[in-house]
Protein chains: 2
Amino acid sequence: MLDHNKIYNPLSNFNKAINKLSANGIRPTKQRMILAKLLFEKGKRHISAEDLFDEVREEDRKISLATIYNTLKQFTSLGLIREIVVDQNKSLYCTNKESHYHLYIEDENKVIDIPTKNIDLNIPSIPACLKLHDVDVIVRIRTLKEKYKN
Amino acid sequence: MLDHNKIYNPLSNFNKAINKLSANGIRPTKQRMILAKLLFEKGKRHISAEDLFDEVREEDRKISLATIYNTLKQFTSLGLIREIVVDQNKSLYCTNKESHYHLYIEDENKVIDIPTKNIDLNIPSIPACLKLHDVDVIVRIRTLKEKYKN
DNA sequence: TTACATGCAAAGCATTTGCAGATAA
DNA sequence: TTATCTGCAAATGCTTTGCATGTAA
């Protein structure tokens, strides 16, 4: 059921997402709507499949992990969210639609958005013909002590 | 067995690596020596565990994958190589000891080093107290066509 | 009605771990 | 000798897939 917020805010990220789904012939099923709400009605997020799975349960609903993974992949293909690979055992999904990069603090397993203007890329080695589709920048910082001596 | 190259080039990356091993009480076993040779006597490389496994076999030797993974992890802890997580199912290990960042071309599964001077990081949001141990920057570019329409 | 979605369990895959046997010092 | 290392196979953990069932249009 629609609430007033959505009725009077036709350009919300949630509504844009739903529009994009139908524009691509993808059915607005119960599961997709629940996930879209969690992703797009809570501000900018960096969230994992497992996190979403838990949030769905907290609402006393249930969506299988497989469906969550498949939906996240689909939303990513549609450009509704961005996947950030922070380490080999975890992908996070980012709902910030503005142009930005990511700062990953390994010790805390935490991701912070960095405005694009804060990083100047000067990469003459990219062939001019490459026609970039997307550029992700992950700045990974560690504060760990060295484990071995010099 | 040592060859002339090593005898007369005491500052080679290979020798530095071996020195670091013994400085940390880590035995220069047959397996570690073979891996160190492959890593440090072939110039700058971006190589996976599986790649190394294959290269060892090409020399008609055999080191188990488990040992290769463990050794790579250990060399990384020692700071001899750097791990680059290019996607969730693959880590590459980089033998370039100079300060640099990484450009990952997803379509080609290829990594190129970027000199640090080509990227200006201006990240006021990092708390000053954090005392960075290391900063990895991965610029991930895609040239794929969009799969879905707008 | 029917093409598309979902959920479950099983499969996949890179990586890690437990442990018995091997090896360096 | 003995602490460390290696190799195998099994375990792990995230993610994907096959397929039977369910559902939107």
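So you know, we letter chains A, B, ... as the sequences are listed, proteins then strands, and number each from 1.
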Residue pairs involving residues 17-71 of chain A (criterion ring pair (Phe, Tyr, Trp, His ring centres under 6.0 Å); sequence neighbours excluded)
A/His46-A/His102
Kindly write out the residues that satisfy side-chain hydrogen bond (donor to acceptor under 3.5 Å, both in side chains) with [X], not counting sequence neighbours, or none if the list is empty.
{"X": "B/Asp120", "value": "none"}
{"X": "A/Tyr104", "value": "A/Asn109"}
{"X": "A/Arg140", "value": "none"}
{"X": "A/Thr76", "value": "none"}

Reading DNA chain D from 5' to 3', where do the contacts with chain A start and stop? Cut-off is 4.0 Å to heavy atoms.
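Range of nucleotides touched by chain A: D/dC14 to D/dA25.
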Taking five pairs at each end of the helix from C/dT1-D/dA25 to C/dA25-D/dT1, what angle separates the two helix axes (nearest 10°)?
30°
With a 4.0 Å cut-off on N to O distance, would you call A/Glu98 and A/Lys44 a salt bridge?
yes
Is the shortest side-chain heavy-atom distance between B/Leu38 and B/Val56 below 4.5 Å?
yes
Just to verify, what does B/Lys97 make a salt bridge (Lys or Arg N to Asp or Glu O under 4.0 Å) with, not counting sequence neighbours?
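Not a single residue meets the salt bridge (Lys or Arg N to Asp or Glu O under 4.0 Å) criterion with B/Lys97.
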Those residues that, when tested against B/Arg32, pass salt bridge (Lys or Arg N to Asp or Glu O under 4.0 Å) (two or more places apart)
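Checked B/Arg32 against salt bridge (Lys or Arg N to Asp or Glu O under 4.0 Å); zero matches.
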Suppose the criterion is side-chain hydrogen bond (donor to acceptor under 3.5 Å, both in side chains): which pairs have a residue in residues 53-62 of chain A, not counting sequence neighbours?
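Only A/Arg45-A/Glu55 qualify under side-chain hydrogen bond (donor to acceptor under 3.5 Å, both in side chains).
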Backbone of A/His100 reached by a side-chain donor or acceptor of A/Thr116 within 3.5 Å:
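Answer holds: yes.
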To the nearest Å, give me how far apart CD1 (A/Ile26) and P (C/dC4) are.
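In whole Å, C/dC4 P and A/Ile26 CD1 are 11 Å from each other.
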Just to be sure I understand the geometry, which residues of residues 51-60 of chain B put a non-hydrogen atom under 4.0 Å away from DNA chain D?
none
Heavy-atom protein contacts under 4.0 Å, nucleotides 15-25 of chain C, coded B base, S sugar-phosphate only, - none
BBB-----BBS
Is it the case that the side chains of A/Asp51 and A/Ser48 hold a donor-acceptor pair, with the cut-off being a distance below 3.5 Å and no angle test?
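There is such a pair (donor and acceptor under 3.5 Å, judged by atom type) between the side chains of A/Ser48 and A/Asp51.
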